[in-house]
2 protein chains.
Amino acid sequence: MTEIDSSQDTRSGAPARSRSSKPAPTIYDIAELAGVNPSTVSRALSKPGRISAKTEKLIQDAAKTLNYRVNPMARALPTGRTMTLGLIIADITNPMFFDVVRGAERAARESGYTLIIAESQESGEREAATAERVAPSVDGMILVTTRLADEQIADLAELRPLVVINRRIDGVDAIVPDLEPGIDQALTHLAELGHRSIGYLYGPSGSWMSSARWEALLAKSVELGMSIVEIGPGIPTLEGGRASMTRVAASGVSAVVAYNDLMAIGLLRAAQEKGLRVPGDLSIVGFDDIFGSDFTSPPLSTIRTPLALIGTLAVRRMLERIAADDRRPAHGSRGKAPAISTELVVRGSTGPAGA
Amino acid sequence: MTEIDSSQDTRSGAPARSRSSKPAPTIYDIAELAGVNPSTVSRALSKPGRISAKTEKLIQDAAKTLNYRVNPMARALPTGRTMTLGLIIADITNPMFFDVVRGAERAARESGYTLIIAESQESGEREAATAERVAPSVDGMILVTTRLADEQIADLAELRPLVVINRRIDGVDAIVPDLEPGIDQALTHLAELGHRSIGYLYGPSGSWMSSARWEALLAKSVELGMSIVEIGPGIPTLEGGRASMTRVAASGVSAVVAYNDLMAIGLLRAAQEKGLRVPGDLSIVGFDDIFGSDFTSPPLSTIRTPLALIGTLAVRRMLERIAADDRRPAHGSRGKAPAISTELVVRGSTGPAGA
DNA sequence: GCACGTTTGGCAACCGATTGACAGATGGAT
DNA sequence: ATCCATCTGTCAATCGGTTGCCAAACGTGC
């Protein structure tokens with residue numbers, strides 16, 4: 001009756017990941033199989049050249065035999081690199097998000113990074129909390145349709161390298177498309193169709209992007225001698241577009257540019273239900289060219305934003321920064337205009353004024 | 001001139017996460033501030049009750065002061081729990097995926113889990129590689145539109161708890177909607193409209209779901225005394241739907257049920273371009289009710305699949321299994337019919353036969 | 001054959017948590 | 001006042017890698 005026998009239990013604190021399954025092989029297993037030291041295995045696997053070709057091959061073979069995969073968690077601990085990027089999105093319901101994800105996921109994967117998706121919905125408080133929760137497990141964060149205040153965003157930027165999409169903030173890296181070309185084309189297009197007076201369906205009241213679009217539209221319409229009015233703000237959904245119908249009708253404009261495609265489509269349908277012909281009685285231009293915007297009848301004319309490209313560029317910028325081990329925004333990029341261009345896609349929802 | 005002074009460098013191997021930023025606080029920092037042992041901090045933070053209320057408060061306060069966040073990587077190492085779930089998707093371009101993500105992300109977040117998104121596109125080989133790459137960093141994986149062979153899937157299930165969506169495989173947990181109600185309603189609806197002969201636009205040739213839908217349609221149409229033909233297989237995209245137009249016309253059917261909404265919409269547009277009236281000359285029913293399927297003109301009648309719910313349930317099932325520390329599929333669930341029902345959404349693309 | 005520079009591989013500390021075992025403190029009963 | 005059961009906090013090992021430092025092995029030129 002020995003009272004002390006616990007000493008032989010060498011793996012007492014083992015994870016016991018899941019019953020009935022062998023634990024994943026480690027570099028120690030490889031080391032044993034290959035007859036070398038674990039540190040040699042580590043080097044052979046992650047620092048090609050540091051080890052003699054002979055031993056390296058030996059280790060590679062052993063690794064293959066055991067079907068070894070490096071444990072990213074274990075690696076992240078000493079290196080501080082998680083090889084993971086976080087995509088924080090306020091509202092996952094917004095379809096523009098999906099195109100961004102497409103671009104971002106691919107760019108990340110090509111560089112060996114993994115993408116974490118987190119939705120924060122609701123208020124800014126919640127979004128900040130989400131970002132802080134995600135921060136420790138990622139090397140950088142990309143904010144997609146953020147509702148945070150500038151200052152909160154700056155705070156987050158202290159925590160981890162940060163890139164913001166569709167919003168410009170002092171001292172924070174941003175990926176923002178160049179609105180000019182698309183808006184120039186859209187207003188010129190409308191002018192050529194004889195529209196003299198147009199409306200802008202404003203998005204959410206605090207939205208940086210909505211006012212950026214408004215500013216650009218305003219400048220251009222002045223230049224073209226057109227009159228333009230703000231209608232809104234409104235929520236950036238089908239419902240929001242619908243809800244603006246009364247005000248649009250009351251405004252007497254012959255054409256409307258909406259903050260985004262969702263609002264444009266909502267308006268389109270509400271107009272049609274009211275008996276208005278589109279584009280006969282009202283021309284409508286959307287923004288973004290989201291999936292499905294060409295499903296409508298008439299198909300929606302819209303100012304395309306290269307969302308997938310934006311996602312890709314956001315990841316690239318992030319990775320550049322990480323590679324440079326830099327917490328500050330890219331070089332002198334703050335003033336540099338992005339080469340991400342918008343363009344008008346003419347479909348069926350725009351036509352001659354008063355036709 | 002001392003030759004030995006390296007001993008004073010206690011943090012030689014420190015991560016050096018990023019210049020110019022204080023490293024994240026650790027439980028050691030808290031322990032120092034609160035004047036207790038790190039292990040006490042660990043317990044205070046993760047095992048409420050194990051520590052006296054007084055010390056616990058002391059530690060909580062210190063943690064708050066330092067704005068401490070537990071490092072998920074460091075925690076994952078000893079526990080073997082990453083608190084992360086992987087969503088592996090073959091083709092991120094497929095919009096049905098969006099709704100699944102919505103449901104899954106929320107369910108995961110509610111339980112404190114984080115979601116990793118990985119796309120594998122291309123072949124099955126690539127998909128298996130993707131899954132193996134992701135496996136070590138997650139507690140479980142959900143396969144969304146997998147192109148893997150049954151056997152490969154079973155292999156992955158050995159690696160990590162696995163849940164498959166929209167496909168049934170022996171010995172693997174699956175979340176599959178009940179096709180019967182929706183298909184019953186759709187065929188009854190078509191029968192009532194006078195359609196006697198319908199076509200099924202088949203999806204990708206290897207697709208489990210496409211043949212499941214076919215089987216159910218076949219059984220029901222026999223029951224209703226309707227004739228039904230397969231048209232396809234085809235790629236499950238707008239283009240695939242378009243491409244089937246010739247065969248649909250040649251088949252002489254008065255109504256078509258498509259494998260998914262994308263194909264249905266493609267067909268709808270091709271038909272309209274050919275001068276056919278929908279639903280006058282051809283009735284079309286889609287499948288899934290994806291975002292945008294009601295944008296078309298006429299809006300698409302479709303058999304709705306509760307995709308967000310499916311995402312949610314997949315995560316729940318996964319978490320149940322993880323909670324039970326179980327690698328095998330849920331209890332006797334294999335035979336148990338899921339309570340996820342489909343239903344027909346009648347919109348404008350279906351109408352009286354030969355009208 | 002020898003001295004010397006370069007590879008190559010091993011040792012051990014470390015990343016930030018978790019946890020079994022244990023000792024000291026506390027409090028109640030006798 | 002003494003003893004014992006319970007509660008509380010500490011010690012130290014551990015998860016699976018990475019890496020600075022060092023010594024042994026190696027090859028080379030003279």
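A, B, ... follow the sequence lines: proteins, then strands. Residue 1 opens every chain.
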**Request:** Nearest whole angstrom, please: distance from the C1' of dG17(D) to the CD1 of I27(A).
**Result:** 5 Å
**Message:** Please list all pairs meeting salt bridge (charged side-chain N to carboxylate O under 4.0 Å, His left out) that have one or both residues in residues 65-76 of chain B, counting only residues at least two apart or in different chains.
**Reply:**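 Residue pairs passing salt bridge (charged side-chain N to carboxylate O under 4.0 Å, His left out), neighbours aside: E132(A)-R69(B).
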**Asked** Is the shortest side-chain N to carboxylate O distance from E119(B) to R109(A) below 4.0 Å?
**Response**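 Yes, E119(B) and R109(A) are salt-bridged.
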Name the pairs: protein N/O against N/O of nucleotides 7-9 of chain C, kept only if under 3.5 Å.
unit_1, atom_1, unit_2, atom_2, d
dG9(C), OP1, S52(A), OG, 3.2
dG9(C), OP1, T55(A), OG1, 2.1
dG9(C), OP2, S52(A), N, 3.1
dG9(C), OP2, T55(A), OG1, 3.4
dG9(C), N7, R50(A), NH1, 3.3
dG9(C), O6, R50(A), NH2, 2.7

**Request:** Could you tell me which residues satisfy side chain to side chain donor-acceptor pair (under 3.5 Å) with D99(B), sequence neighbours excluded, listed by chain and number?
**Result:**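 D99(B) satisfies side chain to side chain donor-acceptor pair (under 3.5 Å) with R102(B) once adjacent residues are dropped.
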**Message:** List the residues meeting side chain to side chain donor-acceptor pair (under 3.5 Å) with S52(B), not counting sequence neighbours, and say none if there are none.
**Reply:**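 If we apply the side chain to side chain donor-acceptor pair (under 3.5 Å) test to S52(B), skipping adjacent residues, the hits are T55(B).
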**Item:** K57(B) NZ to dT8(D) P, straight-line distance once rounded to whole Å
**Value:** 18 Å
**Message:** Taking any heavy-atom pair under 4.0 Å as a contact, classify S42(A): base, sugar-phosphate, or nothing.
**Reply:** base
**Asked** How large an angle, rounded to 10°, do the end axes of the helix from dG1(C)-dC30(D) to dT30(C)-dA1(D) enclose when each is built from five base pairs?
**Response**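 So the angle between the two local helix axes works out to 40°.
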**Message:** I need the CG-P distance between L77(B) and dC15(D), as an integer number of Å.
**Reply:** 9 Å
**Message:** Holding to ring-ring contact (aromatic ring centres under 6.0 Å, His included), I want the full list of residues that pass it with F98(A), two or more places apart in sequence or in another chain.
**Reply:**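 F98(A) satisfies ring-ring contact (aromatic ring centres under 6.0 Å, His included) with F98(B) only.
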**Message:** Without decimals, in angstroms, what is the distance between I59(A) CD1 and dT18(D) P?
**Reply:**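 Atom-to-atom, I59(A) to dT18(D), this comes out as 12 Å.
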**Request:** Output all residues satisfying side chain to side chain donor-acceptor pair (under 3.5 Å) with K57(B), sequence neighbours left out; order by chain, then residue number.
**Result:**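 Listed in chain order: D61(B).
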**Item:** Sugar-phosphate, base or nothing in reach of V41(A), heavy atoms under 4.0 Å
**Value:**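 Here V41(A) touches no strand at all.
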**Request:** Can you tell me the distance, in whole Å, between the OH atom of Y28(A) and the P atom of dA12(C)?
**Result:** 13 Å
**Message:** So, does Y68(B) get its side chain near the phosphate of dA17(C), meaning an N or O under 4.0 Å from OP1 or OP2?
**Reply:** yes
**Request:** Mind checking side chain to side chain donor-acceptor pair (under 3.5 Å) for T114(B) and listing every partner two or more places apart, or none if nothing turns up?
**Result:**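 So T114(B) forms a side chain to side chain donor-acceptor pair (under 3.5 Å) with R133(A).
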**Asked** Whole Å only: how far is the NZ atom of K47(B) from the C1' atom of dT18(C)?
**Response**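 Going from NZ in K47(B) over to C1' in dT18(C) covers 7 Å.
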**Asked** Nearest-Å distance, CE (M83(A)) to C1' (dG17(D))?
**Response** 15 Å
**Item:** Interatomic distance where CZ belongs to R75(B) and C1' belongs to dT14(D) [whole Å]
**Value:**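 Going from R75(B) (CZ) to dT14(D) (C1'), I get 16 Å.
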**Asked** Would you call R321(A) and D173(A) a salt bridge, using N to O less than 4.0 angstrom?
**Response**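 So R321(A) pairs with D173(A) through a salt bridge.
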Which donor-acceptor pairs under 3.5 Å do the side chains of residues 30-44 of chain B make with protein atoms, sequence neighbours left out?
unit_1, atom_1, unit_2, atom_2, d
N37(B), OD1, S39(B), N, 2.9
N37(B), OD1, S39(B), OG, 2.9

